[in-house]
Amino acid sequence: MGKKNNFLVQGSILAVSSILVRLIGLLYGIPLTNMIGDEGMGYYSNAFYIYNIALIISSYSLPLAVSKLVSQRNIKKEYRNSYRVFLCSMGFALVVGAITSLVIYFGSDFLASAIYDEPRSAMPLRVLAPTIFVFAVMGVLRGFFQGKNTMLPTAISQILEQIVNAAVSLIAAYILMKSHSASDDIAAYGAAGGTLGTFIGACIALLFLAFVFALYKPIIDKQLRKDKTGYTEGYSQLFTALFITLVPVILSQTVYQLSSVIDNAVFGHVMGGKGLIGEERSALLGIYARKYNILINVPVAIASALASTIVPGIASAKVMGSSLEIKNKVHSVIKFNMLIAIPSAVGLGVLASPILQLLFHDNRSLPANLLYIGAIAVIFLSLSTITSAVLQGINKMHIPVIHSAISLVVHTILIYVLLQVFDLGIYSLVIGTVTFGLMVCILNWIAVKRYLNYKQEVVKTFIMPGACAIIMGVIAFLTYFGLHSLLKSNFISTIAAILIAVLSYGILILVTKTITEEELYEMPMGRTIIRYANKFHLM
């Protein structure tokens, strides 16, 4: 595999870990949802939306910013400046993380009441507050390793974090609900138990990363001794560079997360005005957040992982002045992502009800309809994530912020109109998710074309994967309903339909030459796929 596309391998490592993390989240989310109910999941989701914004402001953007600044200096062998970026970022994380945690902890009652008109969401939010500080420190460590072009520490820490999170969440939710079984706030106590797992999981992941950093420190010291560049950047200069890099990423991510908070707030206030009581509103939001959102975000995780990898890669190519390498990276990452995002969207749409029955034992029409309507958001959210990363990598940091802000304004107006005028209820939020991703996608695409003079190959990146995915969807549909009519088993029918869908899609993209042998060589496990494809005469 060529060195130029090593970022695909590193991105795939992170993508695999991100998918595992989300699968673990799905697995423990099932008993957690059953335990605390849709109402409890509504409080849980409300708390997480506020927590996510606080996390973005304090730490969520740190891995990306630190990795970009570190990689820019590493490529020029400025190891001393690279390490100074780490120290400067850690100082920032400690101060901002601590302040944000305290603000959220002491302001939880006000935030829950003012934003959602739902005071019970304050309890899980208070439990989440200290996690912000932990994630700030952890974000710097993850960004440092990513800037050094290794995703393994981040990947392993994410999986470890989620395993601990799952175990503690279930145990804590059970204990708190049992000890407060006579309370009217029992669902809120269950949600608080679920958020406790997030804090403990983050602490364990931080300890792991600190251990890895201690093992890596002798290599850092050796690099510092070998640094002969003779130019040392001052901490004020580095802090300015960090600030300039962080702010656009923070604003862009904040705008994205604000869409979720605004969704819940507008939904709560409008539907409350229409007479829907708090418990019913929370139950609907719980379905939207923990069944629709969590499922579409599994394939989007691949885009997020690749985005984390492509930013330092493009930043390094930008420093070296290699516009051709930048275009090659952009082409590879967009096509690789679409080869996964498009069939994922089709699969979730076609098998919506069977998947929900399999994972959540939920055969109601409402959750399935949300997926039917909103599965296409996977494509738009994935592409908008990748194109935002491309723009950030070429130092057009403010562009994704502007595009996200424009999309948010349109999104908010649309949600309100759909709720107030057309009375579409929870479907309004799904339509809003799709349109938000689509708008960012279109605006980003125009910007990438303008700033890079770049034109993506369309037929084999979008049209042919789409055609193959539609055929795959028909095969999956027929497989499921054929087996289910014979066996009457949703479990066997769904698993078989998914496996056959994956196999048929893989065969279709090989037979139709949607993906070439040269492209496969550059992708993870490409050589193995080529060997089997040749063996069965598929290429």
Side-chain angles (χ1 to χ4, degrees), residues 3-15 17 59-93 135-158 205-206 208-210 212-224 226-227 229 231-233 235 237-246 248-250 304-320 322 325-326 329 333 389-390 392-395 397:
K3 185 179 179 182
K4 66 176 182 177
N5 281 311
N6 182 53
F7 78 96
L8 277 182
V9 178
Q10 294 297 326
S12 297
I13 291 171
L14 209 54
S17 76
S59 59
Y60 191 77
S61 53
L62 276 170
L64 189 147
V66 173
S67 67
K68 180 180 178 180
L69 294 174
V70 168
S71 67
Q72 285 175 334
R73 285 149 183 81
N74 266 14
I75 198 73
K76 296 185 288 186
K77 301 192 187 310
E78 294 180 4
Y79 300 117
R80 188 176 293 107
N81 292 330
S82 170
Y83 188 60
R84 281 182 159 234
V85 168
F86 169 76
L87 295 176
C88 182
S89 305
M90 187 59 74
F92 173 88
F135 260 102
V137 177
M138 187 159 56
V140 175
L141 288 166
R142 284 174 171 171
F144 181 72
F145 286 121
Q146 289 170 21
K148 293 286 187 180
N149 201 31
T150 174
M151 302 295 158
L152 272 176
T154 297
I156 295 171
S157 68
Q158 284 179 341
L206 177 58
F208 169 78
L209 286 169
V212 174
F213 183 81
L215 293 179
Y216 189 67
K217 188 62 168 63
I219 298 174
I220 296 172
D221 293 337
K222 185 178 179 181
Q223 288 177 339
L224 293 176
K226 287 171 60 180
D227 188 344
T229 55
Y231 170 64
T232 302
E233 293 177 90
Y235 284 114
Q237 184 181 354
L238 286 171
F239 183 80
T240 302
L242 178 67
F243 187 77
I244 291 171
T245 308
L246 272 175
V249 181
I250 288 171
S304 299
L306 289 172
S308 298
T309 313
I310 197 174
V311 169
I314 287 179
S316 298
K318 180 81 173 173
V319 169
M320 301 303 290
S322 177
E325 184 179 350
I326 292 174
K329 286 180 183 294
V333 77
V390 170
Q392 289 161 359
I394 61 172
N395 292 328
M397 309 288 287

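- Annotation: F243, atom CZ; neighbour count of heavy atoms from other residues, nucleotides and ligands within 6.0 Å does not exceed 12.
- Contact record, M138 with L209: CG-CD1, 3.2 Å, taken as the closest heavy-atom pair.
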Let me see the working for F92 and L62 under side chain to side chain contact (heavy atoms under 4.5 Å, CB included), right down to the final yes or no.
CA-CA 10 Å; F92 173 88; L62 276 170; 4.0 Å; yes
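- Closest heavy-atom contact between V66 and S89: CG2-OG, 3.4 Å.
- Here S67 contributes atom OG and K148 contributes atom NZ; the two are 12.5 Å apart, rounded to the nearest 0.5 Å.
- The minimum heavy-atom distance between A93 and V137, with the atom names listed, is CB-N, 4.1 Å.
- Considering only residues two or more places apart in sequence or on other chains, K222 meets the side-chain contact (heavy atoms from CB on, under 4.5 Å) condition with R225, K226.
- Not a single donor-acceptor pair under 3.5 Å links the side chain of R84 to the backbone N or O of L238.
- Residues R142 and F135 meet the side-chain proximity criterion, which asks for heavy atoms closer than 4.5 Å.
- Residues P153 and F208 come closest through the heavy atom pair O-CE2, 3.7 Å.
- Closest of all the heavy-atom pairs between Y79 and N74 is CD2-OD1, 3.8 Å.
- To the nearest 0.5 Å, atom CZ of residue F144 and atom CD1 of residue I220 are 4.0 Å apart.
- Minimum interatomic distance between Y216 and Q223 (heavy atoms only, all atoms of both residues): OH-NE2, 4.1 Å.
- In this structure, CD on Q72 lies 10.0 Å from CD on E78, to the nearest 0.5 angstrom.
- Side-chain contact check for Y235 versus L87: some heavy-atom pair is nearer than 4.5 Å.
- Aromatic ring centroids of Y83 and F86 lie under 6.0 Å apart.
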